[in-house]
Amino acid sequence: ADGKPISIPPMKNLRDNYQEIVDDAAAGGVPCLVCANIPIETADQVKAAVDILGKTAEAAQKAGLVFAYHNHDAEFRPVEGLVPYDHFLSQLPADKVKMELDLAWCIKSGNDPVALFDKHPGRFPLWHVKDLDKEGKIVPVGAGTIDFKRIFAAAGKSGMKHFFVEHDFPQDAEASIKASSKYLRSMI
């Protein structure tokens, strides 16, 4: 209003600010802290990510928070011989680092969520539920190609406690959530 530019502080990140982020989340009363992205373009970044996620998980656990990692499809692509998601699952302790599995990105990458649940039972308390059509475009849940009945049948093995319907940039958000909700209510 006064013509002066607005100064936006830099975004905090786990590498530089993990303790502050954990403290803020705990003070805000949230039960879970989720990392939605971390650099994984090189093997060194993947290895550094394990250290960063591990330190954050330790701090989160001390603060009484559940710490989880949210995937996209990139975590399933090999990077210099490492598959980041597999590396995270094998190198980060299951009692400290849980996964918020984005079902659609997992499937789009060519992986099977149920196979992950079988291999790592109890590790996936949080899910992002979205659907993909034959071309890989995000559509309301139940309108695409993903077999949610099969996945939800394995919810107990996965450790799922909460799921979130997600539809990135829908044309009509209200219609999408209504259709997704109707489908999920009829299924579960």
Review point. Quick one: do Lys47 and Asp51 make a salt bridge, cutoff under 4.0 Å?
Key: no
**Study point:** Gap between atom CZ of Arg77 and atom CG of Leu82 - 0.5 Å precision
**Key:** 15.0 Å
Check your understanding: When you look at Ser109 and Asn111, which way does the side-chain hydrogen bond (donor to acceptor under 3.5 Å, both in side chains) test go after all the steps?
Key -> CA-CA 6 Å; Ser109 74; Asn111 286 274; 2.8 Å; yes
**Study point:** Distance in Å, Glu75 CD paired with His87 NE2, rounded so as to fall on 0.5 Å steps
**Key:** 13.5 Å
Check your understanding: Where does the angle between the aromatic ring planes of Phe164 and His128 fall among parallel (under 30°), tilted (30 to 60°) and perpendicular (over 60°)?
Key -> perpendicular
Study note, to complete from the structure: Heavy-atom closest pair (Leu132 atom, Ala104 atom, distance to 0.1 Å) is CD1-O, 3.6 Å
Review point. So, do Phe163 and Phe152 have ring centers that fall under 6.0 Å from each other?
Key: yes
Study note, to complete from the structure: Rounding to 0.5 Å, atoms NZ (Lys108) and NZ (Lys130) come to a distance of 9.0 Å
Review point. What heavy-atom pair brings Val141 and Val129 nearest, and what distance separates the two atoms?
Key: CG2-O, 3.7 Å
Check your understanding: Does a side-chain N-to-carboxylate-O contact under 4.0 Å join Asp112 and Arg150?
Key -> yes
Check your understanding: Does the pair Leu116 and Cys106 meet the rule for a side chain to side chain contact (heavy atoms under 4.5 Å, CB included), with working shown?
Key -> CA-CA 10 Å; Leu116 284 172; Cys106 177; 3.7 Å; yes
**Study point:** Thr56 OG1 to Leu14 CG distance, which is reported to the nearest 0.5 Å
**Key:** 4.0 Å
Practice item. Please find out if less than 6.0 Å separates the ring center of Trp105 from that of Tyr85. Key: no
Exercise for review: First locate atom NE2 of His120, then atom CZ of Phe88, and finally report the distance between them rounded to the nearest 0.5 Å.
Suggested key: 13.0 Å
